[in-house]
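Written out below as structure tokens is the structure these notes cover.
Throughout, residue positions are numbered sequentially from 1 according to the sequence presented.
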Amino acid sequence: MKIAMIGSGYVGLVSGACFADFGHEVVCVDKDPRKIEKLEQNIMPIFEPGLASLVERNVTGGRLSFSGDLKESVKDCDAVFIAVGTPSRRGDGHADLSYVHAASEEIADSITRPTVVVTKSTVPVGTGDEVELILSKKLNADQFAVVSNPEFLREGAAINDFKRPDRIVIGAETEWAKDVMSEIYRPLFLNESPILFTGRRTAELIKYAANAFLATKITFINEIADLCEKVDADVQEVSRGIGLDNRIGAKFLHAGPGYGGSCFPKDTLALLKTAQDNESPVRIVEAVVQVNDQRKRAMGRKVIQALGGEARDKKVALLGLTFKPNTDDMRDAPSIAIAQTLIDAGAQVSAYDPEGMEIAAEIMPDVTMTESSYEAATDADAVVIVTEWDAFRALDLNRLSSLMTGKVLVDLRNIYHPADVGKSGLEYTGVGRSRGPMGSL
């Protein structure tokens with residue numbers, strides 16, 4: 001089938017490349033001519049493992065192309081996916097739908113045959129109705145159908161998530177639209193990937209509900225970690241103990257400095273706004289957002305406490321800046337609040353991240369970016385593991401200790417065993433770890 005993907009950011013580019021790999025003819029459209037030029041040179045605008053080779057293979061095979069001309073790209077398509085940004089709107093936290101609306105206006109002016117218009121962007125409940133209204137002002141009802149097809153891609157594992165999904169959710173109101181979407185996703189039927197057809201509004205809410213629930217699991221285990229520190233229990237063992245329950249599951253039960261990224265922060269806020277607008281508040285999610293925001297700066301204070309309660313004129317090295325490993329995404333990363341808390345307390349902050357430093361340097365101008373973990377740690381009073389990159393899981397702790405002025409290692413991801421750290425002469429501080437012989441706060 002012929003597909004146009006409007007928006008060549010994270011969701012649009014990954015989805016477009018994967019659809020092309022299924023054998024569809026895909027054009028990814030973007031308003032930014034520099035992005036299109038770089039994509040045509042196989043220079044990716046984001047870091048995502050395997051994406052560059054996937055794009056190159058499908059461009060070479062003639063199944064994937066890039067364009068800045070929406071009208072020409074859309075006119076003969078079977079389906080047009082809207083995958084533009086929906087950032088949080090300033091002032092009220094609602095999703096900013098201006099890009100979705102603008103794309104819909106252009107699509108209405110451009111399609112020349114019956115076309116399924118698919119919202120792939122994460123949008124509030126009722127957005128599909130708004131898109132339908134925009135299209136209906138210029139098109140007859142038999143010329144289009146509007147479908148919701150939310151994405152469930154994890155940054156750092158997006159290609160695998162797309163090709164081996166837990167489920168495919170399609171919110172469609174007509175049999176014709178269901179048939180088109182079934183044909184688009186037919187290659188995944190061979191893998192027996194579950195496909196769930198729902199009403200359009202239901203599909204839109206599924207996306208927000210899923211992200212809010214995962215954010216709740218993260219925030220729950222973080223608060224349990226705090227309790228573990230008070231009662232001398234170990235959060236990792238608690239996580240394993242409850243995660244073995246099939247009703248709960250082990251995923252997203254890893255204590256840390258709080259969630260960040262492109263999805264959870266903005267999607268929880270957008271869900272809160274939708275709930276408020278419909279006079280049906282979601283108190284649990286309200287608490288999740290509040291607790292997560294507070295936690296990031298609390299992790300900065302945790303570092304100061306590990307330094308003896310005073311950070312002025314101390315040097316602190318942050319290992320990991322992105323909100324999670326295998327991405328260069330700095331959006332709402334805990335490292336931002338942690339670094340600012342330390343700087344406000346008078347500390348000098350250095351940092352190293354395998355992929356995120358170029359973006360981080362713009363956001364965190366007072367942080368000194370370095371070329372390696374060991375350079376960041378040189379003369380540091382404390383080293384803080386903020387993001388669990390694989391590169392930080394097997395550090396030479398003896399070398400690290402010899403380079404440091406102080407001996408404090410704060411492991412905000414609990415990737416090291418306290419006893420192993422102690423052998424190198426470093427003082428270990430974890431998150432929710434026991435004070436017993438096997439652990440240390």
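At distances below 3.5 Å, not a single donor-acceptor pair connects side-chain atoms of Thr119 with backbone N or O atoms of Ser121. Using modelled atom types, no side-chain atom of Glu183 and backbone atom of Met1 make a donor-acceptor pair closer than 3.5 Å. The closest donor-acceptor contact from the side chain of Ser239 to the backbone of Leu253 lies under 3.5 Å. Remark: side-chain polar atoms of Tyr374 are paired, donor with acceptor, to backbone N or O of Asp396 under 3.5 angstrom. No side-chain donor-acceptor contact under 3.5 Å links Gln143 to the backbone of Pro114. No side-chain donor-acceptor contact under 3.5 Å links Asp96 to the backbone of Pro87. Distance alone, capped at 3.5 Å, places no donor-acceptor pair between the Asp353 side chain and the Met357 backbone. Judged by distance alone, with hydrogens and angles left aside, the side-chain atoms of Lys137 form no donor-acceptor pair with the main-chain N or O of Ala108 at under 3.5 Å. Checked by atom type and distance alone, the side chain of Lys315 pairs as donor or acceptor with a backbone atom of Thr378 at under 3.5 Å. Using a distance-only test at 3.5 Å, with no hydrogens or angles considered, a donor-acceptor pair links the side chain of Asn58 to the main chain of Leu54.
Among all heavy-atom pairs drawn from Ala360 and Met330, the shortest one is CB-CE, 3.8 Å. Taking every heavy atom of both residues into account, Ser136 and Phe144 meet most closely at N-CZ, 3.8 Å. The minimum heavy-atom distance between Ala351 and Ala376, with the atom names listed, is C-CB, 4.1 Å. Across Ile184 and Ala79, no two heavy atoms sit closer than the pair CD1-CB, 3.6 Å. Taking all atoms of both residues into account, the shortest heavy-atom contact from Ile338 to Pro257 is CD1-CB, 4.2 Å. Of all heavy-atom pairs between Ala83 and Gly12, the closest is CB-CA, 3.7 Å.
Looking only at side-chain heavy atoms (C-beta outward), Pro354 and Asp390 stay at 4.5 Å or farther from each other. Between Asp21 and Lys163, some side-chain heavy-atom pair lies under the 4.5 Å cut-off. Side-chain contact between Thr86 and Lys266: present, with at least one pair of heavy atoms (C-beta onward) separated by less than 4.5 Å. In this structure, the side chains of Val14 and Leu153 come closer than 4.5 Å at one or more pairs of heavy atoms. Looking at heavy atoms from C-beta onward, Gln348 lies out of side-chain contact with Thr368 at the 4.5 angstrom threshold. Side-chain contact between Phe392 and Val383 is absent, with no heavy atoms from C-beta onward closer than 4.5 Å. Looking only at side-chain heavy atoms (C-beta outward), Ile336 and Leu321 stay at 4.5 Å or farther from each other.
Among residues two or more places apart in sequence or in another chain, the side-chain hydrogen bond (donor to acceptor under 3.5 Å, both in side chains) test is passed with Arg301 by none.
Note: Phe81 and Phe19 have tilted aromatic rings, judged against thresholds of 30 and 60 degrees for the angle between ring planes. Classification of the Phe22-Phe162 ring pair by plane angle, with boundaries at 30° and 60°, yields tilted. Ring geometry for Phe47 versus Trp389: interplanar angle of 30 to 60°, hence tilted.
Side-chain contact of Asp328 with Thr322: a donor-acceptor pair under 3.5 Å is absent, judged by distance alone. Donor-acceptor pairing under 3.5 Å is recorded for the side chains of Thr327 and Glu155. Of the N and O atoms on the side chains of Asp329 and Tyr10, not one donor lies less than 3.5 Å from an acceptor on the other residue. In this structure, a donor-acceptor pair under 3.5 Å is absent between the side chains of Ser280 and Asn278.
Rounded to the nearest 0.5 Å, atoms CG (Asp30) and CG (Leu70) are 10.5 Å apart. Between Ile195 atom CD1 and Tyr185 atom OH the span is 8.0 Å, to the nearest 0.5 Å. To the nearest 0.5 Å, the span separating CG on Leu271 from CG on Leu205 amounts to 7.0 Å. With values rounded to the nearest 0.5 angstrom, Ser182 atom OG is found 11.5 Å from Leu188 atom CG. Summarising the geometry, atom CD1 belonging to Ile6 is positioned 15.5 Å from atom OH belonging to Tyr99; distances are rounded to the nearest 0.5 Å. Separating the CD1 atom in Ile218 from the NZ atom in Lys251 is a distance of 13.0 Å, to the nearest 0.5 Å.
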Trace of the side-chain contact (heavy atoms from CB on, under 4.5 Å) decision for Thr268 with Asn211: CA-CA 7 Å; Thr268 49; Asn211 278 354; 5.9 Å; no
From CA spacing to verdict: side-chain contact (heavy atoms from CB on, under 4.5 Å), Thr112, Asp76: CA-CA 6 Å; Thr112 58; Asp76 293 321; 3.2 Å; yes
Do Glu204 and Arg201 pass the salt bridge (charged side-chain N to carboxylate O under 4.0 Å, His left out) test, and can you show the C-alpha distance, the side-chain angles, and the key distance before you say yes or no? CA-CA 5 Å; Glu204 292 168 342; Arg201 284 179 165 240; 5.6 Å; no
side-chain contact (heavy atoms from CB on, under 4.5 Å) for His94 and Asp277? Distances and angles first, verdict last. CA-CA 10 Å; His94 203 286; Asp277 288 349; 3.9 Å; yes
Verdict with reasoning, Phe323 to Ser262, per side-chain contact (heavy atoms from CB on, under 4.5 Å): CA-CA 9 Å; Phe323 86 96; Ser262 61; 5.7 Å; no
Salt bridge (charged side-chain N to carboxylate O under 4.0 Å, His left out) evaluation trace for Lys324 with Glu388: CA-CA 7 Å; Lys324 64 179 291 187; Glu388 67 274 35; over 6 Å; no
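The neighbour count for Lys38 NZ, taken as heavy atoms of other residues, nucleotides or ligands under 6.0 Å away, does not exceed 12. At most 12 heavy atoms of other shown residues, nucleotides or ligands fall within 6.0 angstrom of atom CZ in Arg186. Open room surrounds CD on Gln305; 12 or fewer heavy atoms of other groups in view lie less than 6.0 Å from it. Heavy atoms of other residues, nucleotides or ligands lying less than 6.0 angstrom from CZ of Phe220 number 12 at most. The neighbour count for Glu371 CD, taken as heavy atoms of other residues, nucleotides or ligands under 6.0 Å away, does not exceed 12. No more than 12 heavy atoms of other residues, nucleotides or ligands lie within 6.0 Å of CD in Glu358, so this atom counts as exposed by the packing criterion. Residue-environment remark: CZ (Phe197) exceeds the threshold of 12 foreign heavy atoms within 6.0 Å. In this structure, Arg240 places its CZ atom where only 12 or fewer heavy-atom neighbours from other residues, nucleotides or ligands lie under 6.0 Å away.
At a threshold of 4.0 Å, the pair Arg34-Glu37 does not count as salt-bridged, since none of the basic side-chain nitrogens sits closer than that to a carboxylate oxygen. Note on Arg295 versus Asp226: salt bridge recorded, some NZ/NE/NH1/NH2 to OD/OE distance being below 4.0 Å. Comment: Asp161 engages Arg154 in a salt bridge, judged by a side-chain N to carboxylate O separation of less than 4.0 angstrom. Salt bridge Lys75/Glu72: present, at least one basic N to carboxylate O contact under 4.0 Å. The pair Lys71-Asp109 fails the salt-bridge criterion, with no side-chain N (NZ, NE, NH1 or NH2) lying under 4.0 Å from an Asp/Glu carboxylate O. Between Lys178 and Glu175, at least one side-chain N (NZ, or NE/NH1/NH2) sits under 4.0 Å from a carboxylate O, which counts as a salt bridge.
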